[in-house]
Amino acid sequence: MFFSFFSKYLGDFVTQGFVQEKVVSALHGALSDAKAKGQLKIESWPILTLDAPKRPEWGDLATTVAMALAASEKRAPHDIAQIIADNLSTRDQLFERVEIVRPGFLNLTVKPAVWLEVLREIERQGAVFGTSSLGVGKRVLVEYVSANPTGPLHVGHGRGAAVGQALARLLKAVGYDVVSEYYINDAGRQMKLLGASVFARVQELAGKAVTFPEEGYHGVYIREVAERIQQSEGAQLAALAPDEMEQRCRDLAYQSLLQLIREDLAAFGIEFESWFSEASLLASGAVERAFADLQQQDLLFESEGALWFRSSKFGDEKDRVVRKQDGECTYLASDIAYHRDKLQRGYDLLIDVWGADHHGYIPRMQAVMQAYGHPKERLQVVLVQLVKLLRGGEEVKMSKRSGEFITMREVLDEVGADAAKFFFLMRDSKTHLDFDLELAKQRSADNPVYYVQYAHARISSLWRVAAARGIVCPPAADTDLTVLTDPDELGLIRKLSAYPEILEASAVAFEPHRLTYYLQQLAAQLHTFYNKHRVLPPAADQEPQESGEAPVAEEISPKVTIARLVLMRAVQQVVKNGLGVLGISAPEQM
RNA sequence: GCGCCCGUAGCUCAGUCGGAUAGAGCAUCAGCCUUCUAAGCUGAGGGUCGCUGGUUCGAUUCCAGCCGGGCGCACCA
């Protein structure tokens, strides 16, 4: 909810990672100084990237600029690294250590005091910590799910829904103005088949023998819809002529199924700002206008009695039919008109979330972008691969033929919306996903959803216990954090500090799973810390264990307690923010 | 046949605008713990990053060619 208010804060909070930003500007300064002194030429400025080194002894952050510059400077990377290091050493309020290693790595160790600032920063920014202004001023439309209203949503749609929503929120978080839209295919052949199928079932219920339409919808839900229709207005229906009756069945079935889809999405916690009807495009003449535009640029031609779009002109492998010999428009016709409409609404970026089996459709839609005078990159298609449902390692079989499949609703009812979303977002959307229902509903640390949510709940529990013991945690600004010197503490802070970068990388790559992965790592680090260290002092009543075997409980002074509480509060904030972006709740208790 | 995606530990997968000794979870094995703030902790083994070449100081990452798997090549959605 608070996402819609982001844009007004974005100007104030530019967080490319608090510490990272300082280090980058220090590096930039060092390079400038070196250039001014004539030590380096620096004809073109390198991109300053910071990596978190794999080994702790390599410092907090590392950069490879020296090696990147080696070629253009025509000098050994090590020398360049030395020059940078020398110029960096004047900025020693930031660095504890600057080391040059082998080919030309620059390993930087930032002073703990600088890291501690991150905690204050997180507290200051709260729910907007991690957001950035990358996309400010740009409008993007994310279209997803868009399932035909001819049946309930299945598991694949669920993954698409989770991915689409996460993408939308991710882009909002980095400053874009985002609208989510569902395109309703409420026209054409599918609807006719739906009407015919339901009509046939209604006739059956009325005791009339009918032949079920070829390629009709066989699912049980069709019968259910027919039964409802028969009950509610069987009498009125009987009075109609057959084709009127079929028409009526189609309308009622459509409404009923679309309603079902809306309800399922609501149950999944997915909301669209906009629902766009294909039929409305046809009714408004938008398709004809789209054609006229193309006609004008000679991008349409007639051949073999059909009308073709010259998509090959824009890199598609061949031209495509938009109006068939029989005079009917193809689905491509509506899609052209629909995407033209999106463009006319002034979006800077269009994102379509599709099933991966539609990938062959991308070139022709990007051709549409170009036909209307936009770069093809204006349309970005995010592909979502199939979900393989497992139950305790065994594949759950589904048969398409009989029209029976596992619905999204069934999965939600079994594992809950949070777990379903998390699992859908755990892997790169373009790869196949194994989704184990048993694992997803487990309430244990083996279940990654619980593991992450538990990190949040666990900290909430601290507040409850602290409150009960009358311990209050003052704002970070008023707290002496210098007692946080343990590697586990500083490690957590470094992890927190990386959150804005993760968020941004995840957003620009359209890959929500990176954030999911990060949250698992952060949770793991939190749990490790939590198991190893105390935050609150032991309760007064259950004092000393017998001396001897029990591991010596860590001494914990009030000062340390307070500082660690501040740390915990920051971890909790970041977990909450991250889960929020993924559309997953952050429970206070589990 | 052409095109797109995937191929990383026993399993499921991260990591690639080129960087150091390639990571996580599960499983396996070995210890410890049965305590609290809440559902245990610590460690180990495990890899020709599909194969072969190329570019590079440096390739899991980029390029080419193969191999294997998936998907797509409609006047179907």
Side-chain angles (χ1 to χ4, degrees), chain A residues 47 49 51 53-55 57-58 62-64 67-68 70-71 76-77 101-105 107 146-148 150 185 187-191 193 215 278 303-308 317-318 320-335 355-363 383 385-386 388 390 393 426-428 430-436 439 442-448 450-451 454 457-466 468-469 505 509 511 513-514 516-518 520-521 524 527-528 530-539 542 545 549-551 553 568 589-590:
Chain A
I47 301 163
T49 51
D51 303 318
K54 291 170 192 159
R55 306 173 74 85
E57 60 267 32
W58 293 340
T63 178
T64 57
M67 288 180 278
V101 185
R102 276 168 303 204
F105 290 98
N107 289 342
S146 300
N148 290 340
T150 54
N185 287 279
R189 209 174 99 90
Q190 306 306 312
M191 284 293 107
L193 277 174
E215 296 180 275
E278 178 186 6
S303 174
E304 302 164 60
L307 189 64
W308 299 70
E317 59 187 23
K318 57 185 184 181
R320 309 288 174 177
V321 171
V322 291
R323 187 156 51 212
K324 299 184 268 183
Q325 281 177 343
D326 64 7
E328 289 276 307
C329 281
T330 63
Y331 59 94
L332 178 59
S334 316
D335 282 340
D357 54 341
H358 289 63
H359 65 81
Y361 204 62
I362 296 172
L383 298 175
Q385 261 295 4
L386 298 177
K388 191 208 282 184
L390 307 172
M426 261 196 313
R427 308 292 182 220
D428 188 343
K430 63 178 164 292
T431 65
H432 291 265
L433 174 70
D434 283 4
F435 185 151
D436 196 314
L439 179 60
Q442 254 179 52
R443 304 176 61 81
S444 78
D446 289 341
N447 180 351
Y450 275 85
Y451 194 68
Y454 180 44
R458 210 168 202 186
I459 297 170
S460 289
S461 162
L462 272 180
W463 306 134
R464 288 190 290 272
V465 174
R469 297 199 197 154
E511 290 177 356
H513 74 280
R514 298 193 192 197
T516 316
Y517 198 74
Y518 167 84
Q520 290 183 81
Q521 291 180 320
H527 290 307
T528 301
Y530 195 87
N531 289 321
K532 197 161 156 192
H533 305 282
R534 293 201 66 89
V535 175
L536 302 175
Q542 28 127 315
Q545 304 114 341
E549 11 84 23
M568 292 297 103
Q589 46 190 309
M590 317 232 2

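None of the values given here were measured: they were computed from a predicted structure. To find a chain, count down the sequence lines: A is the first, B the second, and so on, and within it residues start at 1.
- Between the P atom of B:G25 and the CD atom of A:Q442 lies a distance of 16 Å, rounded to the nearest Å.
- Taking CG of A:D436 as the reference point, atom NZ of A:K388 lies at 11.0 Å (rounded to 0.5 Å).
- Side-chain atoms of A:R323 do not come within 3.5 Å of backbone N or O of A:A333 as any donor-acceptor pair.
- Contact between the side-chain N/O atoms of A:H513 and the OP1/OP2 oxygens of B:G15 is found at a separation under 4.0 Å.
- Between A:K54 and B:A20, a side-chain N or O to OP1/OP2 separation shorter than 4.0 Å is present.
- Nearest to the side-chain atoms of A:Y517 among the listed nucleotides B:A14, B:C13, B:A20 stands B:A14.
- Atom CD of A:E511 sits about 14.0 Å away from atom OH of A:Y517, to the nearest 0.5 Å.
- With distances taken from any side-chain atom of A:H359 to the nucleotides B:G3, B:C76, B:A20, the minimum falls on B:G3.
- Taking atom P in both B:A24 and B:A64, one finds a spacing of 33 Å when rounded to whole Å.
- Judged by distance alone, with hydrogens and angles left aside, A:N107 brings a side-chain donor or acceptor within reach of the base of B:A20, the pair sitting under 3.5 Å.
- Regarding contacts with the backbone of B:C41, a side-chain N or O of A:N531 is found under 4.0 angstrom from either OP1 or OP2.
- Looking at heavy-atom distances under 4.0 Å, A:A524 makes no contact with the nucleic acid at all.
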- line: Intra- and inter-strand pairing of RNA chain B, written as dot-bracket with Watson-Crick and G-U pairs under 3.5 Å and | for the latter, reads (((((((..((((.....[...)))).(((((.......))))).....(((((..]....))))))))))))....
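- Every residue two or more places apart in sequence or in another chain was checked for a ring pair (Phe, Tyr, Trp, His ring centres under 6.0 Å) with A:H432, and none qualifies.
- Closest approach to the A:E304 side chain among B:A39, B:A20, B:C75 is made by B:C75 (side chain taken as heavy atoms from C-beta onward).
- With hydrogens and angles ignored, the 3.5 Å screen pairs no side-chain donor or acceptor of A:S461 with any backbone N or O of A:A457.
- Residue A:R427 has its side chain nearest to B:A14 when only B:A14, B:A20, B:G19 are considered.
- One distance of note links CZ of A:F105 with CG of A:D51; it measures 8.5 Å at 0.5 Å rounding.
- Using a 4.0 Å heavy-atom distance criterion, A:R443 is classed as a base contact.
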